Amino acid sequence: MVRMAQAPLSGKTMFISGASRGIGLAIAKRAAADGANIALIAKTAEPHPKLEGTIYTAAEEIEDAGGQALPIVGDVRDGDSVAAAVTKAVEQFGGIDICVNNASAINLGSIEEVPLKRFDLMNGIQIRGTYAVSQACIPHMKGRENPHILTLSPPVRLEPEWLKPTAYMMAKFGMTLCALGIAEEMREHGIASNTLWPRTLVATAAVQNLLGGDEAMARARKPQVYADAAYAVFTKPAREFTGNTLLCEDVLLDSGVTDLSVYDCVPGGELGVDLWVDTPNPPGYTGP
């Protein structure tokens, strides 16, 4: 009898913030396909008039994909809420192997346009949330077989064109700095901490609503580009692969993918380049 190899994330437990839809849900479902347990914390308990999905519909999709789901309504800015959510996850699944900092808010206004309330929201969710979720998960990741923290934020680019819009730039760079600090502090414990960002626009509600509607979506790649790249990171050796600011397409090519066009929403269409990235594809990539 031929024994099938066990899927790499089978039985592993992921704690992920903001996974009720879009990229976070795609990453959760990709891990769930291996048979992973997914604890997800998000604020969307009731349907939103402009956004599809709730934390409960996400949990159903995760279980349909092959995993076990634990949906937890909570606010990543609230340390007590985060700590309680992590405790629930550990009680149900026995520990945490993967922590994904996905929760984010976006406002692309200038310093003259973004009021302090919106500034606080973005920096609260992105920076405080990343810190709070990581801090709560780390004690339950020590001693695990291959523990990974993955933060969905960009490489820190200090060229003048990438220093705006000020508020959103500060929030996203803050996530990356947090992740890089964690990488160094947790290196001796074998807990990896990396960041991941797409080269192109990704088809999400934010792109649809804020960046140009259907036209922008036509210039985007599917969320699966992020999910497959994240999966490739999770399966790398944590003690060796840490402290990196990664781009999805680069990770995929390094993992053996040869045709990135499979992720395009519109085959052959012109791709939109994301913030803090220069080109939609890695240098030298010519496609099939």
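In this text, all values refer to a predicted model and were calculated from it rather than measured experimentally.
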Shortest non-hydrogen contact from [X] to [Y]?
| X | Y | result |
| --- | --- | --- |
| Gly190 | Ala238 | O-CB, 3.4 Å |
| Val277 | Pro198 | CG2-O, 3.6 Å |
| Gly243 | Asn194 | N-OD1, 3.2 Å |
| Ser134 | Asn101 | OG-ND2, 3.0 Å |
| Leu108 | Pro165 | O-CB, 3.6 Å |
| Ile72 | Ala85 | CD1-O, 3.4 Å |

Who pairs with Glu184 by salt bridge (Lys or Arg N to Asp or Glu O under 4.0 Å), at least two apart in sequence or on another chain?
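Residues passing salt bridge (Lys or Arg N to Asp or Glu O under 4.0 Å) with Glu184: Arg187.
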Do [X] and [Y] land in one hydrophobic cluster if side-chain heavy atoms of ILVMFWY residues count as linked below 4.5 Å?
| X | Y | value |
| --- | --- | --- |
| Val73 | Val90 | no |
| Leu152 | Ile55 | yes |
| Phe119 | Met175 | no |
| Ile27 | Val257 | yes |
| Val100 | Ile96 | no |

Residues which pass ring pair (Phe, Tyr, Trp, His ring centres under 6.0 Å) with Tyr131, listed by chain and number, not counting sequence neighbours
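Applying ring pair (Phe, Tyr, Trp, His ring centres under 6.0 Å) to Tyr131 gives none.
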Quick one, [X] and [Y] - any side-chain contact, counting heavy atoms below 4.5 Å?
| X | Y | result |
| --- | --- | --- |
| Tyr263 | Val202 | no |
| Pro71 | Ile41 | no |
| Leu201 | Arg221 | no |
| Thr176 | Pro154 | yes |
| Pro147 | Asp97 | no |
| Leu252 | Asp228 | yes |
| Thr54 | Arg21 | no |
| Leu253 | Leu260 | yes |

Could you walk me through whether Glu185 and Ile191 pass the side chain to side chain contact (heavy atoms under 4.5 Å, CB included) test, one step at a time?
CA-CA 9 Å; Glu185 292 192 352; Ile191 299 174; over 6 Å; no
Could you tell me whether Glu159 atom CD has more than 12 heavy atoms of other residues or ligands within 6.0 Å of it?
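Enclosed.
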What do you reckon, is NZ of Lys88 surrounded by more than 12 foreign heavy atoms closer than 6.0 Å?
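Result for NZ/Lys88: open.
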Reported [atom1]-to-[atom2] distance for the pair [X] and [Y], which is rounded to 0.5 angstrom:
| X | Y | atom1 | atom2 | value |
| --- | --- | --- | --- | --- |
| Leu70 | Glu91 | CG | CD | 10.0 Å |
| Asn146 | His148 | CG | NE2 | 4.0 Å |
| Met141 | Ile149 | CE | CD1 | 4.5 Å |
| Asp34 | Phe234 | CG | CZ | 11.0 Å |
| Cys248 | Leu196 | SG | CG | 4.0 Å |
| Ile138 | Ser193 | CD1 | OG | 7.5 Å |

Salt bridge check: are Arg199 and Asp274 linked by an N-O gap of less than 4.0 Å?
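Not counted as a salt bridge, because no side-chain N and carboxylate O are separated by less than 4.0 Å.
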Are Lys236 and Phe241 in a cation-pi contact, defined as NZ or CZ under 6.0 Å from the six-membered ring centre and within 45° of the axis?
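Output yes; distance and angle both within limits.
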Side-chain donor/acceptor of [X] to backbone N/O of [Y], under 3.5 Å:
| X | Y | value |
| --- | --- | --- |
| Thr235 | Tyr231 | yes |
| Thr200 | Leu271 | no |
| Thr130 | Gln126 | yes |
| Ser110 | Glu112 | yes |
| Asn107 | Gly109 | yes |
| Asp264 | Pro267 | no |

With sequence neighbours excluded, tell me which residues meet side-chain hydrogen bond (donor to acceptor under 3.5 Å, both in side chains) with Asp259.
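Expected list: Ser261.
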Evaluate the criterion side chain to side chain contact (heavy atoms under 4.5 Å, CB included) for residue pair Asp278 and Val273; output intermediate values, then yes/no.
CA-CA 7 Å; Asp278 296 315; Val273 181; over 6 Å; no
Suppose the criterion is side-chain hydrogen bond (donor to acceptor under 3.5 Å, both in side chains): which pairs have a residue in residues 161-172, not counting sequence neighbours?
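Residue pairs with at least one partner in residues 161-172: Ser104-Lys172.
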Output a table of donor-acceptor pairs, distance under 3.5 Å, between side-chain atoms of residues 59-66 and any protein atom two or more places apart or on a different chain; print 'none' if there are none.
unit_1, atom_1, unit_2, atom_2, d
Glu61, OE1, Lys29, NZ, 2.9
Glu63, OE2, Ala69, N, 3.2

Which donor-acceptor pairs under 3.5 Å do the side chains of residues 9-20 make with protein atoms, sequence neighbours left out?
unit_1, atom_1, unit_2, atom_2, d
Thr13, OG1, Asn37, ND2, 3.2
Ser17, OG, Asn102, N, 3.0
Ser17, OG, Ala103, N, 3.0

Run the salt bridge (Lys or Arg N to Asp or Glu O under 4.0 Å) test on Arg118 and Glu113 for me, step by step, so that the C-alpha distance in whole Å, both residues' side-chain angles and the decisive distance to 0.1 Å come before the verdict.
CA-CA 10 Å; Arg118 291 295 300 180; Glu113 297 166 330; over 6 Å; no
Give the C-alpha distance, both sets of side-chain angles, the deciding distance and a yes or no for side chain to side chain contact (heavy atoms under 4.5 Å, CB included) between Val86 and His140.
CA-CA 9 Å; Val86 170; His140 307 285; 3.6 Å; yes
May I ask you to check whether Tyr226 and Trp197 place their ring centres under 6.0 Å from each other?
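No, ring centres 6.0 Å or more apart.
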Would you please say whether a donor-acceptor pair under 3.5 Å links the side chains of Asn244 and Thr195?
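No, Thr195 and Asn244 have no side-chain donor paired with an acceptor closer than 3.5 Å.
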Could you go through the side chain to side chain contact (heavy atoms under 4.5 Å, CB included) check for Arg30 and Gln224 one step at a time?
CA-CA 8 Å; Arg30 180 64 186 87; Gln224 200 62 36; 3.8 Å; yes
